[in-house]
Amino acid sequence: MYRVLLTATVAALLLTAPVAPARAGEIRASLDDGLEYRVAKRRHLRLGGRLHADSTFVEDDVTPIDDASELRRFRAILRGRFDDWRLRADYDFGLIEGWRGLYVQYRGLRRTRITLGQQVAPFSLDDLMSSNDLTFLERSLGSALSPGMLPGVSYQTWGDRWNATVGVFGNELNDQDRRQGDGTSYIGRFVYTPVRSRDAVLHLGIAQELRTIDGGSDVRLRTRPESRLADARLLSTPRLSGVDDLSTTGLEFMAIRRNLRLQSEYLRTALEGDGFDTAFTGGYVQLSAVLTGERYRYSGSGAYATAPRPRSRTGAIEAALRYSTLDLEEDGITGGVQEQVTGSLSWYVNRQLRITANYSRFETDPNSSGIDEQGSIVSLRFQATL
């Protein structure tokens, strides 16, 4: 607890004195770019970071879950630009230590990005949004079915009303506490935005993953109750042997009207192989509003929403509510069924500092041990970014 508070305090103090951006051949610092070394107009290196200091307080039921305080993320981020090339290297010293984003990207073609290395797989709004911009402290229960971050190669292109990405990916570099199953993934995502303006967006998306499972590799799906600090998983399938293919479909919906956003996803994972013809489902629906009136922003190149930007010295206030569900019970596989409702309140102090509180109620019917239970979690976060 003291480590979390000390780190958060130091980060807040460091974010109080912006310095002018670098000129060619110089090293300077700024709140927007971190430490920057500029070689020329289109050539520079920037070193930034991300700190998420979390605390959780749990009212458990059958399964014991302890209160905790941890550095959820404590990440150093190196970004570079060299003419048409970009590079990114993220290393996290926080709760899950290891490499995150680690790739090079080519942008020499109009409205095109070719990325090689560890990256967020082009699947799911929840995953593609930066953890800095997520409305809630953790992604939904349904994210247990999505691929998350994987090494591979992807090709992305977009127009005024659409966005498309395809890629081939291998096995994650770090244990991200999600599904298990070594193999190769072939993923595609397509998004259509029939309405897209400064004040309104209608986003319709579909994604598909086919993952061929290596012989001898087991498959396992599991999740925690929407808190990575929780030291228990209420839902978890057994280790499943003999799975040949894992196929996941994702449907996305998002509507933005100025300071209001409605967002929903549905995911379905099917397992095929010797004795398997099984499917698991999950998803969520969430509604959020920026109470101080700032509008939600939308990235056309990424096809996802980003966090509001405060327009006054008092910052921006956001309130949100989410219902999520995950069903890992099918054909004799007893992974459990869970529903969870979460409320969130965030204060965006400025572009670099954010304070968020979440309260959620969870209910299993049953959990992976065949027992019904329910409980609640209060989560708090201090967030600082460069």
Residues 270-286, side-chain donor-acceptor partners within the protein, below 3.5 Å, at least two apart:
| unit_1 | atom_1 | unit_2 | atom_2 | d |
| --- | --- | --- | --- | --- |
| Y284 | OH | Q263 | NE2 | 2.8 |
| Y284 | OH | E265 | OE2 | 2.6 |

remark   = Sequence neighbours excluded, the answer for salt bridge (Lys or Arg N to Asp or Glu O under 4.0 Å) partners of R73 is none

ask   = Can you list the residues that meet the salt bridge (Lys or Arg N to Asp or Glu O under 4.0 Å) rule with D90, with sequence neighbours excluded?
value = R88

ask   = Would you call E138 and R224 a salt bridge, taking side-chain N to carboxylate O under 4.0 Å as the test?
value = no

inquiry  = Check this for me, if you would: do D92 and R50 make a salt bridge, where the nitrogen-to-carboxylate-oxygen distance has to be below 4.0 angstrom?
reply    = no

If we ignore angles and hydrogens, is there a donor and acceptor under 3.5 Å between the side chains of [X] and [Y]?
X: Y186; Y: Q208; result: no
X: R233; Y: S368; result: no
X: Q105; Y: T115; result: yes
X: R322; Y: T135; result: no
X: N132; Y: T385; result: no
X: S379; Y: R381; result: no

message = Check whether Y298 forms a cation-pi arrangement with R196 (NZ or CZ under 6.0 Å from the six-membered ring centre, at most 45° off the ring normal).
response = no

key: D160/R111 under salt bridge (Lys or Arg N to Asp or Glu O under 4.0 Å): CA gap, chis, key distance, verdict   = CA-CA 10 Å; D160 292 337; R111 291 188 174 184; 2.8 Å; yes

Please check if [X] and [Y] belong to a single hydrophobic cluster, counting links between Ile, Leu, Val, Met, Phe, Trp and Tyr side chain heavy atoms closer than 4.5 Å.
X: F136; Y: L345; value: no
X: F74; Y: W99; value: yes
X: L235; Y: L145; value: yes
X: F382; Y: L137; value: no

Chi angles and distances behind the side chain to side chain donor-acceptor pair (under 3.5 Å) call for E318, T292 = CA-CA 8 Å; E318 179 186 45; T292 46; over 6 Å; no

task = Evaluate salt bridge (Lys or Arg N to Asp or Glu O under 4.0 Å) for D199 paired with R295, printing each intermediate quantity in order.
result = CA-CA 7 Å; D199 292 328; R295 66 183 179 88; 5.0 Å; no

ask   = In terms of the angle between their ring planes, are F190 and W162 parallel, tilted or perpendicular, with boundaries placed at 30° and 60°?
value = parallel

ask   = Do L128 and R189 touch side chain to side chain, with heavy atoms closer than 4.5 Å?
value = yes

